[in-house]
Structures are given as C-alpha cells and as structure tokens.
There are 2 protein chains.
Amino acid sequence: MSKTQTRIQLKNNAAILAAGLNVFSQFGFRGSTLDQIAKEAGLSKPNLIYYFASKDAIYRALLDQLLEDWLEPIYTIDEDGDPVAEITAYAKRKLAMSQHYPRESRLFANEVIQGAPQIGDTLRGELRRVVGRLVGAIERWIQEGKIRPVEPHHLIFSIWSITQHYADFDVQVRAILKDTDPFPGAETHLEEMLHRMLSIDTG
Amino acid sequence: MSKTQTRIQLKNNAAILAAGLNVFSQFGFRGSTLDQIAKEAGLSKPNLIYYFASKDAIYRALLDQLLEDWLEPIYTIDEDGDPVAEITAYAKRKLAMSQHYPRESRLFANEVIQGAPQIGDTLRGELRRVVGRLVGAIERWIQEGKIRPVEPHHLIFSIWSITQHYADFDVQVRAILKDTDPFPGAETHLEEMLHRMLSIDTG
DNA sequence: ATTTATTTTGACCAACCGGTAAAAAAGAAC
DNA sequence: GTTCTTTTTTACCGGTTGGTCAAAATAAAT
C-alpha cells in the first residue's frame, strides 16, 4: 500500500512477525493465540490488530516470506556443474537453513503436517514445478553416466527429510546426543551418504 | 483400577482414543478441542469427560500407547545377525509403520516439534538408552569390518527422518508425486541407499 | 421386580478466544 | 503551538474453551 513505512510501523511490523514466528512455530496456527503473540511482541492485542488485520494475516505473511526462502536454494543448483558437488552443496545449504532458521523449519513442518491448509496450492504448483525440473536434471545426469542410478524424487525427499529433521526434531536429537552439537556430524554424514549414493567411482 | 471393563467402557474408551488420535494428530494438543473429539467419538462432552478425566488424560493415554509401538521395532534388531540385513529390515519396518500408522507418526511429530512437553523424559530416558545400545552394536559391526564406517547416531537419524517423512509430510509428497503411491519407490530407494552406504562389497 | 451401579444428559460456569469501537495519547508537519 | 495524522489504550462483544454438577436414564445383579 503505502510506499514509505513509518519507523514505528517498521519496528512493530518486524516485532509482530518475529513474535508470530516464535509462537506459531511452537504451537501451530490453531494452538496459537493473539494474546500470546501480542505479549511476545510487547504490544496490546488491539494494537497488534492495528498492524495486521487478523491472526490469519500474520500467519500468511510469515508463510509467504518462508516459502521464498525455502525454495530459493533449489534455484541455485547449476545443471551444468558437477552433479555430486551440486547435489551435496544443495543438501548442505538446506542443512545450514535448519541450523540457522529452525523456527522457520518448524513453522513449515507444522503447516504441512496439519495438511497444508494454507500452502497446499503452492506445494502443488510452484514446488511441484521446480522439483520437476530438478528431477529432469538428475535423470539426465544418470543417463550421461555422471552419477549412479537413483529414483530422483526419493533422493530429494531424503535430503529434505534428513536436513529438516535436525530442526524439527531438535529436542529428540539433543535428547540422544546430549551436549554434542549435531550439525558438524550431520554435515559429514550427509556428504558421505551422498558420495556413496551417487559417485560413480566409490572411494 | 478395575480389572474388568464393561463392554460399554471398552467400546467408548476405544472410540475416544480413536477420535483423539484423529484430532490430536491433525491439530496438535493445543489446537484440538474436547468438542471436536467428543463429536468424532459420537459422545457428548460431559460423557467424554466421564471416561477420561481431562483433555490431557486422553492425550497422555495416546502417547503412552504410541511410545510402546514406536520403540518396539528397535528391540527386534539382532546384534548377531547380518548387519546390513538387520539395519535394512529395521528401516523397512519403520517405513511400514509410516505407511500403516500415519496418524500415530504425525501425533508423535507434533509432540516433538512442539518441544516434547509430555514425552521429553522418555526421550532422554528409554529412547536414549535403547539408541545407545544400537549405536554400540553398529560400532562393533564397523570395527569387525562388517559394514563401512558411518557415524551411528546420524545413520539412525537418517532412517528415522526418511521413513517418518512419508507420513508426516504426506501432503507434500503427494503434491509432488501426484497419483503415484510413494511407498514402493520409497522402500526400494531406502534399501538401495542403505546398501550403498553400508555394504563392504559395492555391487 | 426392585435394588444398585453405571452411563448419559442438560444446564451451566468462569476463563479465554478473535476481533471491534471509540476515544485518548503521541508524533509529525507547518 | 496548533493542526492533522498516526498510534495506543480502554472497554467491550458474542462465541468457544475445558470442565462441573445434579439429575435423569439405562443397565446389571438379585
């Protein structure tokens, strides 16, 4: 709407989105309340509703931002690069996102587990398209003998599930590893796994 | 308490747990309501509360049952069997559970994503212990040269995350695969992955 | 058939839910 | 320093929440 945002608007919009991310990622949409978000943002509930028309609007704004960040790494895969290196780099980027943006990962997980009522269309639209392209690239790499044969969809699912696991199931991971930081080990394991999975010459 | 349950108690307890599983697995604890569960169980809300003292009690009863089923497959791993076969069989059992009990998987996922407020102790207790034993077995297999070296914890995380992914992110998987049943392909991929990961003689 | 134990219902409650209306307070522009 | 706009607060609304209570209806035991 308005091109210029007041410094107050700028600050409070950011505070609300930050608070919404905290709350929604922990309790899901239906489990979260405006009072919770308002309190965490340091605002009164009516004041919160002055910036975002509804609880739904906050949630949608967060998901819109999230989906951009979420899909971005897949666009940086170079179909003319070295296949194993490209796939490994992609997986590592996804793992880094789990490490640095665990709340975003959990927000996404909550939404999808609950049937993706808000982002279902995006999943069946843009996500499906962009995955389709990646699948095509992987199939080409296989035909050209550059990587060992795999079912591309399930390879992608493996990468997604493993990397997101460290954010979404953080409590469980830390229950088992105690004080050990999971991420260095996870990265090494992921690299090793993809190498053994995909590399033609097994070292 | 009472050793013998009436046929009515038997029927209604089951109906309530079934309804609770449906609702809690879809909306999480805080996002679910007693009215929803009561309606789905075909009872009035006060009648529901006659069988379970509180919303919390239903949720806990479900989680208790779930945790048993969840941990059971890991106990069937034979440390004296063929390592790759044992691990692969375990992974396939977990995948079958995702296929046949997706709501249980999502209930568990919801609980853990939200910080495991109810089952945190079990994760840090029994789960940690039983995983520790499996980790020991895998390390022994590696030292005996029966499988290629891997970090056991992260291998286990990989198996968990991949198999649960097909239940928890079902909507996303189907958005991409459309009408293709994910599970046959998933099983083949999982077997191939573990074989390339772990087998000494790469075929 | 009557006593007794179990099950179900309807009416209700205080707290909380998402959201509104209007007026007061604070900032910005001049 | 006064006008005008933006921001915040106070008071409130109808609906829903988890849960209670006592009475009614049903089932079981004798």
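Model, not experiment: these values are computed from the prediction.
Remark: A:R106 does not engage A:D168 in a salt bridge, criterion side-chain N to carboxylate O under 4.0 Å. With respect to the salt-bridge test (charged N to carboxylate O, under 4.0 angstrom), the residues A:E72 and A:R93 do not qualify. Under a 4.0 Å N-O distance rule, the pair A:R60/A:D56 qualifies as a salt bridge. Using a cutoff of 4.0 Å between basic side-chain nitrogens and carboxylate oxygens, B:E192 and B:R196 are scored as salt-bridged.
Regarding contacts with the backbone of C:dT6, every side-chain N or O of B:Q9 stays at 4.0 angstrom or more from both OP1 and OP2. Taking side-chain N and O atoms only, A:Y50 has no distance below 4.0 Å to OP1 or OP2 of D:dT9. Note on A:S44: every side-chain N or O is 4.0 Å or more away from OP1 and OP2 of D:dT8. Within the structure, every side-chain polar atom (N or O) of B:N47 is placed at least 4.0 Å from both OP1 and OP2 of C:dG10. Within the structure, every side-chain polar atom (N or O) of B:S54 is placed at least 4.0 Å from both OP1 and OP2 of D:dG18. A:N12 has no side-chain polar atom (N or O) that falls below the 4.0 Å cut-off from OP1 or OP2 of D:dT6.
A donor atom on one side chain and an acceptor atom on the other are found under 3.5 Å apart for A:N12 and A:Y51. With 3.5 Å as the limit, one finds a donor-acceptor pair spanning the side chains of B:D69 and B:Q65. Side chains of A:S158 and B:H189: a donor-acceptor N/O pair is present below 3.5 angstrom, by distance only.
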Could you go through B:Y166 and A:H154, starting from their C-alpha distance and side-chain angles, then the distance that decides it, and tell me whether this counts as ring pair (Phe, Tyr, Trp, His ring centres under 6.0 Å)?
CA-CA 10 Å; B:Y166 291 96; A:H154 293 284; 5.6 Å; yes
Would A:K39 and A:D35 satisfy salt bridge (charged side-chain N to carboxylate O under 4.0 Å, His left out), going step by step from the backbone distance to the final call?
CA-CA 6 Å; A:K39 189 180 176 184; A:D35 287 293; over 6 Å; no
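In the set D:dT9, C:dT8, C:dG10, C:dG10 carries the atom at the smallest distance from any side-chain atom of B:P46.
One can place CG of B:L48 at 14 Å from P of C:dT7, the figure rounded to the nearest angstrom. The CD1 atom of B:I49 sits 14 Å away from the C1' atom of D:dC21 (whole-angstrom rounding). At whole-Å resolution of the value, NZ in B:K55 and C1' in C:dA15 are 14 Å apart. Atom NZ of B:K45 is separated from atom P of C:dA11 by 14 Å (rounded to the nearest Å). Rounded to an integer number of Å, the gap from OH of A:Y51 to P of C:dG18 is 20 Å. For the pair A:F27 CZ and C:dC17 C1', the interatomic distance rounds to 16 Å; values are reported in whole Å. Note: CG (A:D56) to C1' (C:dC17) measures 15 Å, nearest angstrom.
Using a 4.0 Å heavy-atom distance criterion, A:F52 is classed as making no nucleic acid contact.
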Interface polar pairs with nucleotides 28-30 of chain C, N/O, under 3.5 angstrom:
from: C:dA28; atom 1: OP1; to: A:R7; atom 2: NE; distance (Å): 3.3
from: C:dA28; atom 1: OP1; to: A:R7; atom 2: NH2; distance (Å): 3.0

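Proximity of a side-chain donor or acceptor of A:N47 to a complementary backbone N or O of A:L43 within less than 3.5 Å is not detected.
Contacts between residues 31-43 of chain A and DNA chain C, counted as heavy-atom distances below 4.0 Å, involve A:S32, A:T33, A:L34, A:D35.
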